[in-house]
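First comes the structure, then the notes that go with it.
Count residues from 1 along the sequence.
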Amino acid sequence: MEAATANPAPRDRMRPLRYLWRVPLLLANIVFAIVICAFILSWRGGVMKNGREPFAHRSIRLWSNLQLKIFGFTVHRYGNALHDPVLFVANHTSWLDIVLLHSQRAACFVAKAEIARWPLVGWMAARGGTIFHRRGNNHSLASVMAVMVERLREGRAVAVFPEGGTGHNGVLRVFHARIFQAALDAEVPVQPVALRFARHGRRVVDAGFREHESFMGNFLRLLGDPPLDVEVHFLEPVATSADGRRRMAETARERIALALDTDTPA
């Protein structure tokens, strides 16, 4: 089904007003994030037990939902997330993908190493259990895989973007199969998650990164944009197979692609 794309529109007269009230709320939520990271987060304690989330996880979900509301997003969840430990694999179009998944389930994300050097954001990501990976470095990937297995065996959830980077214009790229080995080694299930921006039930691809758009450019654009629906689709888990990582990756991608291209009730 054809995705909805942004058409040329008249000047948005409400954009300055949205900045006027969203920016102060955003600053307040940043302060809240610092408090959570400094005084509440501790990924060495507090794992999910019998399906019950620890306080730190609930704090992450609260902050994430507030962040999405500030940007004018209404969150809709479809399906149910598996209990920890689990490997979540999701499509990747925006920096908001992390916030969107965190609004439903706290998890340790695998992210590019450059984020670790970003002022404040890098510190908060590290406190949140992010596993940093230097893209194109096989030694780094081996280290990341080892940490992923360790976290999963400890009983935590780990989330990855198997495309290896953000897609543009709604394109879902090929999933890298090697990342699925962590679930096999830790003997945990793999659950695909489709992250979808929509309006009136139809997918909106322009909410993601535009080609050559910077993080700050995307951030400021979305901060001033009109309200939008965001969806988290927890899909059927992928059957694990010790000799079928590629098939696992293809199956996860197929299920996510179907969810992205299927209109939801408005």
Margin query: Please check this pair: side chain of R196 against backbone of L260, looking for a donor-acceptor N/O pair closer than 3.5 Å.
Written below: yes
Notebook entry, point to check: So, S103 side chain and L100 main chain: donor-acceptor pair closer than 3.5 Å or not?
Noted result: yes
Atom pairs and distances, side-chain donor-acceptor, residues 26-38, under 3.5 Å, sequence neighbours left out:
residue	atom	partner	partner atom	Å
N29	ND2	Q67	OE1	2.9

Item checked: 4.5 Å side-chain heavy-atom contact, F175 and E163 -> yes
Note to self: Determine whether V86 and V188 satisfy the following criterion, side-chain contact (heavy atoms from CB on, under 4.5 Å), listing intermediate values before the conclusion.
What the structure shows: CA-CA 6 Å; V86 57; V188 302; 5.8 Å; no
Note to self: Within this structure, what is the OG1-CZ distance for the pair T93 and R203, rounded to the nearest 0.5 Å?
What the structure shows: 7.0 Å
Next item on the list: Would you name the heavy atoms of P192 and P237 that are closest together and state the gap between them?
Entry: CD-CA, 4.1 Å
Margin query: Under a 3.5 Å distance rule, please check whether R151 uses its side chain to pair with a backbone N or O of G129 as donor and acceptor.
Written below: yes
Notebook entry, point to check: Taking the side chain from R178 and the backbone from R245, do they hold a donor-acceptor pair closer than 3.5 Å?
Noted result: no
Notebook entry, point to check: Does D225 reach the side chain of R15, with side-chain heavy atoms less than 4.5 Å apart?
Noted result: yes
Next item on the list: Would you mind reporting whether V99 and L68 have side-chain heavy atoms less than 4.5 Å apart?
Entry: yes
Notebook entry, point to check: Is W123 reachable from V121 through a run of I, L, V, M, F, W or Y residues, each pair having side-chain heavy atoms under 4.5 Å apart?
Noted result: yes
Check: Does a salt bridge link D206 with R199, judged by any charged N lying under 4.0 Å from a carboxylate O?
Finding: no
Note to self: Evaluate F180 against V238 for side-chain contact (heavy atoms from CB on, under 4.5 Å), listing each step before the verdict.
What the structure shows: CA-CA 10 Å; F180 289 78; V238 174; 5.6 Å; no
Notebook entry, point to check: Salt bridge or not for R247 and E254, using N-O below 4.0 Å?
Noted result: yes
Checklist line | Test side-chain hydrogen bond (donor to acceptor under 3.5 Å, both in side chains) applied to Y78 - qualifying residues, sequence neighbours left out | finding: none
Notebook entry, point to check: At what distance, to the nearest 0.5 angstrom, does CG of L66 lie from CZ of R61?
Noted result: 11.5 Å
Check: Would a hydrophobic clustering, with Ile, Leu, Val, Met, Phe, Trp and Tyr connected at side-chain separations under 4.5 Å, put L220 with M14?
Finding: no
Notebook entry, point to check: Do the side chains of V160 and M148 get nearer than 4.5 Å, heavy atoms only?
Noted result: yes
Notebook entry, point to check: If every non-hydrogen atom of R22 is compared with every non-hydrogen atom of L222, which pair is closest and at what distance?
Noted result: NH1-O, 3.8 Å
Check: Do D12 and R18 touch side chain to side chain, with heavy atoms closer than 4.5 Å?
Finding: yes
Check: Any idea which heavy atoms bring A207 and L228 closest together, and the distance?
Finding: CB-CD2, 3.8 Å
Note to self: Can you list everything that forms a side-chain hydrogen bond (donor to acceptor under 3.5 Å, both in side chains) with Q104? Sequence neighbours excluded, please.
What the structure shows: none
Next item on the list: Output the distance between atom CD1 (I60) and atom CD (E53), rounded to the nearest 0.5 Å.
Entry: 9.5 Å
Next item on the list: I would like to know whether D84 and H57 meet side-chain contact (heavy atoms from CB on, under 4.5 Å); could you show each step before the answer?
Entry: CA-CA 12 Å; D84 297 348; H57 293 202; 4.3 Å; yes
Checklist line | Presence of salt bridge, R156 and E154, under 4.0 angstrom | finding: yes
Margin query: I'd like to know whether F219 forms a side-chain contact (heavy atoms from CB on, under 4.5 Å) with L96, so could you lay out the CA-CA distance, the side-chain angles of the two residues, the decisive distance to 0.1 Å, and finally the verdict.
Written below: CA-CA 9 Å; F219 183 96; L96 274 168; over 6 Å; no
Checklist line | Student check: side-chain heavy atoms of V193 and V89 closer than 4.5 Å | finding: no
Next item on the list: Say whether, by atom type as modelled, one donor and one acceptor occur between the side chain of D185 and the main chain of A182 under 3.5 angstrom.
Entry: no
Next item on the list: Looking only at non-hydrogen atoms, find the nearest pair between A157 and A106 and report the distance.
Entry: CB-O, 4.0 Å
Next item on the list: Look at the side-chain heavy atoms of Ile, Leu, Val, Met, Phe, Trp and Tyr, link any pair under 4.5 Å apart, and say whether V149 and V158 land in one connected group.
Entry: no
Margin query: With rounding to the nearest 0.5 angstrom, report the CD to CG distance, Q191 to L82.
Written below: 4.0 Å
Check: Do V204 and V171 belong to the same hydrophobic cluster, where Ile, Leu, Val, Met, Phe, Trp and Tyr are linked whenever their side-chain heavy atoms lie under 4.5 Å apart, directly or via other members?
Finding: no
Notebook entry, point to check: If you round to the nearest 0.5 Å, how far is OG1 of T262 from NE2 of H233?
Noted result: 8.5 Å
Next item on the list: Inspect the contact between R253 and E250 and indicate whether a charged nitrogen and a carboxylate oxygen are less than 4.0 angstrom apart.
Entry: no
Note to self: If I compare all heavy atoms of L184 with all of M248, which pair ends up nearest, and what's the gap?
What the structure shows: CD2-SD, 4.1 Å
Check: Is the shortest heavy-atom distance from the side chain of R58 to the side chain of L62 under 4.5 Å?
Finding: no
Next item on the list: Please identify each residue that fulfils ring pair (Phe, Tyr, Trp, His ring centres under 6.0 Å) with F161, with sequence neighbours left out.
Entry: H92, F109
Next item on the list: Return the set of residues passing side-chain hydrogen bond (donor to acceptor under 3.5 Å, both in side chains) with N218 (not counting sequence neighbours), or none when no residue passes.
Entry: W95, E213
Please output the side-chain donor-acceptor pairs of residues 69-76 that fall under 3.5 Å, not counting sequence neighbours, one pair per line with the distance.
residue	atom	partner	partner atom	Å
H76	NE2	D229	OD1	3.3

Next item on the list: State, yes or no, whether a side-chain contact exists between I115 and T130 at a heavy-atom distance under 4.5 Å.
Entry: no
Next item on the list: Identify the heavy atoms of A107 and A159 that sit nearest to each other, and give their distance.
Entry: CB-CB, 4.0 Å
Notebook entry, point to check: Out of curiosity, does Y19 fall in the hydrophobic cluster containing L17 (side-chain heavy atoms, cut-off under 4.5 Å, transitive links)?
Noted result: no
